[in-house]
Protein chains: 2
Amino acid sequence: MSRISKDGFNEECKKDHREIYGIAYTQNMLSGRWKYLILWFLKLKSHRYNEIKTLLWGISQGSLTKQLRELEADGLINRKVYPEVPPRVEYSLTSKGEQLIPIIDLMEEFGKKFGDKID
Amino acid sequence: MSRISKDGFNEECKKDHREIYGIAYTQNMLSGRWKYLILWFLKLKSHRYNEIKTLLWGISQGSLTKQLRELEADGLINRKVYPEVPPRVEYSLTSKGEQLIPIIDLMEEFGKKFGDKID
DNA sequence: CTGTATCCATGGAGATACTG
DNA sequence: CAGTATCTCCATGGATACAG
């Protein structure tokens, strides 16, 4: 293996196939089981930590915190802490995060079309 | 935990949030590091096994075969074997797989816009 | 050329307990 | 309420050798 950058793809590949690199970049940013769902939930309005946790039925606190931190580090969501007791933290999409919404909407549409039907 | 189906989401959640389930369905279908890239590569024309392997610089044969089989099982790609020596196998998108192209194009666009620049 | 079989390393994610 | 700190489990995927 020659030079491999931290995204796991080598430089030759990047130069030869910009499209590939763009796709890989976006995919890496959205890796993780819950990220699409978190972004979808923040689409319409900001939400508190516990609201997200309730929606994502089954996620553990540890996982949720980690995913939120990663989304924040990638500039997709904002984290706003209100100095109250009890504490309140609101998460919302950044403008960068909002640009992922068309993708999520298309995934939703595809899933509705082909996913298993429920009564 | 009450009833959990094999997709990992419980039935209550599915009924309450169809959108979530649609997104999760699509995401599960595209889980795996290489699937987006394979579909992107098949967008314009069908390709042979080794052509895909060459493009995906660094993928092992075992992984590639597994991902191709999963894509085939999910109805996203066709596998056509030509009875020749040496053997020739061509992969192409199904009509279902073609409907994922808009998603991949958007991901490519997002990645080009925000990904690291390369000289 | 197009795979299959096997083993193994890694990381994502859940469970649990604890905290300001 | 909104986390943090560990521990553990297991699926994903890579390496390697072999095969039709």
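Note that the coordinates shown come from a computational prediction; the quantities given were computed from them, not determined experimentally.
Rounded to whole angstrom, the span from the NZ atom of A:Lys35 across to the P atom of C:dG11 amounts to 15 Å. The separation between A:Leu56 atom CG and C:dG12 atom C1' is 16 Å, rounded to whole Å. Put simply, NZ on A:Lys53 is 11 Å from C1' on D:dG3, counting in whole angstrom units. B:Leu30 places its CG atom 12 Å from the P atom of D:dG13, with the value rounded to the nearest Å. Distance CH2 (B:Trp57) to P (D:dG13): 19 Å, rounded to an integer number of Å. The CD atom of B:Gln61 sits 13 Å away from the P atom of D:dA17 (whole-angstrom rounding). D:dA11 atom P lies 12 Å from atom CZ of A:Arg33, rounded to whole Å. Here C:dA13 presents its P atom at 12 Å from CG of A:Leu64, a figure rounded to the nearest Å.
Here the closest heavy-atom approach between residue B:Gln99 and residue B:Pro102 is recorded as O-CD, 3.5 Å.
Using a 4.0 Å heavy-atom cutoff across all strands shown, A:Tyr91 reaches sugar-phosphate atoms only and no base atom.
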Donor-acceptor pairs are to be reported for all side-chain atoms of residues 69-85 of chain B against protein atoms at under 3.5 Å, with residues two or more places apart or in another chain.
unit_1: B:Glu70; atom_1: OE1; unit_2: B:Lys35; atom_2: NZ; d: 2.6
unit_1: B:Arg79; atom_1: NE; unit_2: B:Tyr91; atom_2: OH; d: 3.3
unit_1: B:Glu84; atom_1: OE1; unit_2: B:Arg88; atom_2: NE; d: 3.4
unit_1: B:Glu84; atom_1: OE2; unit_2: B:Arg88; atom_2: NH2; d: 3.1

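Residues B:Leu37 and B:Ile104 fail the side-chain proximity criterion, which asks for heavy atoms closer than 4.5 Å. Counting only heavy atoms from C-beta outward, the side chains of B:Ile52 and B:Ile59 never approach each other to under 4.5 Å.
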- request: List the steps and the verdict of side-chain contact (heavy atoms from CB on, under 4.5 Å) for A:Lys112 and B:Tyr25.
  value: CA-CA 8 Å; A:Lys112 278 183 180 167; B:Tyr25 171 83; over 6 Å; no
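Considering only side-chain atoms of A:Asn50, the nucleotide from C:dT2, D:dA2, C:dA13 that sits closest is D:dA2. With distances taken from any side-chain atom of A:Arg48 to the nucleotides C:dG3, C:dA15, D:dC1, the minimum falls on D:dC1. Nearest to the side-chain atoms of B:Tyr49 among the listed nucleotides C:dT2, D:dG14, C:dG14 stands C:dT2. When distances run from any side-chain atom of A:Pro87 to the nucleotides D:dC1, C:dG3, D:dG14, the shortest one goes to D:dC1.
Contact check of residues 65-81 of chain A against DNA chain C (heavy atom, cut-off under 4.0 Å) returns A:Lys66, A:Gln67.
A donor atom on one side chain and an acceptor atom on the other are not found under 3.5 Å apart for B:Thr26 and A:Tyr36.
Between the B:Gln67 side chain and the B:Leu64 main chain, no donor and acceptor come within less than 3.5 Å of each other.
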